[in-house]
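All heavy atoms count here, side chains included; hydrogens, waters and symmetry mates do not. If you're wondering where the values come from, they're calculated on a predicted model, not measured in any experiment. Order of the sequence lines sets the chain letters (A, B, ...), proteins ahead of strands, with each chain counted from 1.
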Amino acid sequence: MDKEQVALILDEIGTLLELQGENPFRCNAYHNASRAISQMEGNLAEIVTAGKLAEIPGIGDTLRDKITTLVTTGHLPFYEEQRKKVPAGLLDMLRIQGLGPKKARALYDQLGIESLDALKIACEDNRVATLKGFGAKTQQKILEGLAFLSQMGERVRIDQALPIAQQLIDGLGNCPGIKRIELCGSLRRRKDTIKDIDILISSDDAAPIMERFVTLPGVTQIIGQGDTKSSVIVAGNSGRGRRVLMNADLRVVTDAQFPFALHYFTGCKEHNIAMRARAQKRDLKLNEYGLSGPTKSVKCKDEADIFKALGLDYIPPELREQTGELDVAEKHHLPKLLEADDIRGVFHCHTTYSDGHATLAEMAEAAQALGLEYLGIGDHSQSLTVANGLTPERVHKQWAEIDKLNAKFKGFRLFKGTECDILPDGSLDFDDDLLAEFDYVVASVHTHFGLAEPEMTARIVRAVSHPRVTMLGHMTGRLLLKRDGYKVDTEAVFKAAAEHGTMIEINAHPMRLDMDWIHAKRAKALGVQLVINPDAHATEEIAYYRYGVDVARRGWVEKKEVFNTKTTAQVAKVLAARGK
DNA sequence: GCCGTTTTCGGCCCGACTGTTTTCAGTCG
């Protein structure tokens, strides 16, 4: 059983215990362990075998044994027992806004409700409102929550959330009395998927701002409206005509409170808890309004001052995931993170030669408009006929056009590449002689996703070990919120890539963002050279590389670890040397 | 269930908002 499966089960156990009214701290121990496992580096089975599981913070003797059982046998009697004690439908009910374990349990105990459908009928029959602790408003909120759930999924991609957040900020921007306004939460930390939009404002007069917020265009429902905090549901356009609904929260504080509130609402929650605990050890109290001791409070003009007051270097939002950043910041060893401006070009872009929407010339022009120095073309290879993959003849035709364009460019260059299919047995879709003539080769899996893990791993390791392969494309093939990645032992892929000097792509297309930040962090640790590619199929998609920079930053990646921060001359030199 | 510079027990971050209460529990982040 792999990391994700173990993490899911631990998290579910925590929730099942909550539904049974267990001690919240015990429940939390399972949620924490779930997080620790899903974010840990390395191969879980290896760590279990090495007996190093309990070295992970948040995993003690009990959880070590349970996780070991899960990993080695594939199931856990304790988990099965808990599942028997709680009807499955109660877990669904927790997805409703404002409905927590206590209320869900009461609905089950007193009305026998154990599904969303039954809950809807009970609300419509006015049976919920009569329960102790419930009322007409709660019943109405549950109905609204059910409607919200049926209209959308739980999370949306960052590229869908950002425009909605921007629309809200623009709408608030001209409100008088705003001193500072900032996006917080997981959007500020640049997670690949987002649940809520969090906006923070500093002002001396919150009321009119609140009023503006809940009446902004796109707001479809007001969840709450208080003196300093309001919560709404907002509809936005996902960019392809599809409507996306999201929660959006606004908090208004004074300007003196702003840095503390900004830190607090940026999260993540576990990072905040660690920061508060750290403050406590120094006889200080940290909350969203300030940092104070028994006699006086510490003035902070920005977040950096808060970290400094607690003996830490400034921790960028992307690193605030409670994966060791406090310890490293204390020792002054935080990485100097990659910046979007460090990227000088990208290597995985499609044109009308295969399945792209723009011509070679149009893509080159768009790349230059973005300030890039070079653009690598990587159209599909011959066997991927659904994507109009190029035959060797068409490859030569494309090269001739690239040569022609390059002859005209000043300070810009197109590199000749291919996104060459990795065939089911791990061989490549073009012969070695043709591959040798490309400037570089991106090797990717596009077919036979269902191979068992050993076969898929062997397939990708073989491709990564091929001397003509420059970089591996979208390592797991996942599509965010749509399709899980194929089963592959990423640890083995990283080791092969490091051994053969093959790069691994951070595919920056916001539907993929594959590999993810945890993988990126691990790849870096194992000495794999990274490259950030937009997988652009249209001119406006070249700028997607910025989402890849976000992933890299979350993975603690520095400029020197990313190939496409090099100049055109440096890139050409490295690629020429690899071809030998 | 975890954890320990207050260390094997007794804590575990903490405040806003809502709704149903009549002083607070539940939920959320």
Short side-chain N/O contact from A/Thr138 to OP1 or OP2 of B/dT18, under 4.0 Å: no
Rounded distance (Å) that lies between atom P of B/dC28 and atom NZ of A/Lys269: 11 Å
Pairwise C1' distance, B/dC12 and B/dT18 [rounded to whole Å]: 26 Å
Euclidean distance for P, B/dG1 against B/dT5 (whole angstrom): 23 Å
Shortest non-hydrogen contact from A/Met515 toward A/Val551: O-CG1, 3.7 Å
Side-chain donor-acceptor pair present, A/Gln20, A/Gln82, cut-off under 3.5 Å: yes
Donor-acceptor pair (no angle test) under 3.5 Å: A/Tyr264 side chain, B/dG15 base: no
Under 3.5 Å, which N/O atoms of the protein pair with N/O atoms of nucleotides 4-12 of chain B?
none

For B/dT27, the Watson-Crick or wobble counterpart (both distances under 3.5 Å): B/dA16
Note: A/Glu41-A/Lys52 ion pair, threshold 4.0 Å (strictly below): no
Whole-Å distance separating the CG atom of A/Leu286 from the P atom of B/dG15: 11 Å
A/Leu326 CG to B/dC13 P, straight-line distance once rounded to whole Å: 14 Å
Salt bridge flag under 4.0 Å for residues A/Glu80 and A/Lys84: no
Donor + acceptor pair across side chains of A/Lys103, A/Thr138 (<3.5 Å): no
Sugar-phosphate, base or nothing in reach of A/Ser231, heavy atoms under 4.0 Å: nothing
Pairwise C1' distance for B/dG29 and B/dC13, with rounding to whole Å: 12 Å
Residue whose closest nucleotide on DNA chain B lies nearer the 5' end, A/Asn287 versus A/Lys132: A/Asn287
Check ion pair A/Asp255-A/Arg180 (N to O, under 4.0 angstrom): yes
A/Asp313 vs A/His332, side-chain hydrogen bond (donor to acceptor under 3.5 Å, both in side chains): CA-CA, chis, key distance, verdict: CA-CA 6 Å; A/Asp313 288 345; A/His332 312 295; 2.9 Å; yes
Derivation and outcome, salt bridge (charged side-chain N to carboxylate O under 4.0 Å, His left out), residues A/Lys487 and A/Asp2: CA-CA 10 Å; A/Lys487 297 284 175 217; A/Asp2 65 23; 3.7 Å; yes
Touch class at under 4.0 angstrom, heavy-atom based, for A/Asp227 against every strand present: sugar-phosphate
Contact nearer the 5' end of DNA chain B, comparing A/Ala136 with A/Gly226: A/Gly226
Whole-Å C1' distance, B/dC3 and B/dT7: 8 Å
Check: A/Ser230 side chain, A/Met210 main-chain N or O, donor-acceptor pair, under 3.5 Å: no
Listed nucleotide nearest any side-chain atom of A/Asp249, set B/dG19, B/dC2, B/dG29: B/dG29
Phosphate OP1/OP2 of B/dG29 contacted by A/Lys195 side-chain N/O (<4.0 Å): yes
Basic-acidic side-chain contact under 4.0 Å: A/Arg522, A/Glu491: yes
Close approaches to DNA chain B from residues 43-80 of chain A, in residue order (heavy atom, under 4.0 Å): A/Pro57, A/Gly58, A/Ile59, A/Gly60, A/Asp61, A/Thr62, A/Leu63, A/Lys66
Between P of B/dC14 and CZ of A/Arg251, the distance in whole Å: 16 Å
Touch class at under 4.0 angstrom, heavy-atom based, for A/Asn32 against every strand present: nothing
Under 4.0 angstrom between A/Arg276 side-chain N/O and B/dC13 OP1 or OP2: no
Interatomic distance at P, B/dC2 relative to B/dT6, whole Å: 23 Å
Phosphate OP1/OP2 of B/dA16: any A/Tyr289 side-chain N/O under 4.0 Å: yes
Rounded C1' spacing from B/dG15 to B/dC9 in Å: 28 Å
A/Arg251 and A/Glu182 ion-paired at < 4.0 Å: no
Whole-Å distance separating the CZ atom of A/Phe265 from the C1' atom of B/dC17: 12 Å
Ion pair A/Asp204/A/Lys179, N-O distance below 4.0 Å: yes
Nearest-angstrom distance from the residue atom CG of A/Asn28 to P of B/dC28: 14 Å
Any residue of residues 102-122 of chain A with a heavy atom less than 4.0 Å from an atom of DNA chain B: A/Lys102, A/Lys103
Separation of atom CD in A/Gln97 from atom P in B/dG26, rounded to whole Å: 19 Å
Rounded distance (nearest 0.5 Å) linking atom CD1 of A/Ile9 with atom NZ of A/Lys66: 13.0 Å
Side chain A/Gln139, main chain A/Cys123, donor-acceptor under 3.5 Å: yes
Distance in angstrom units between A/Asp198 CG and B/dG15 P, rounded: 19 Å
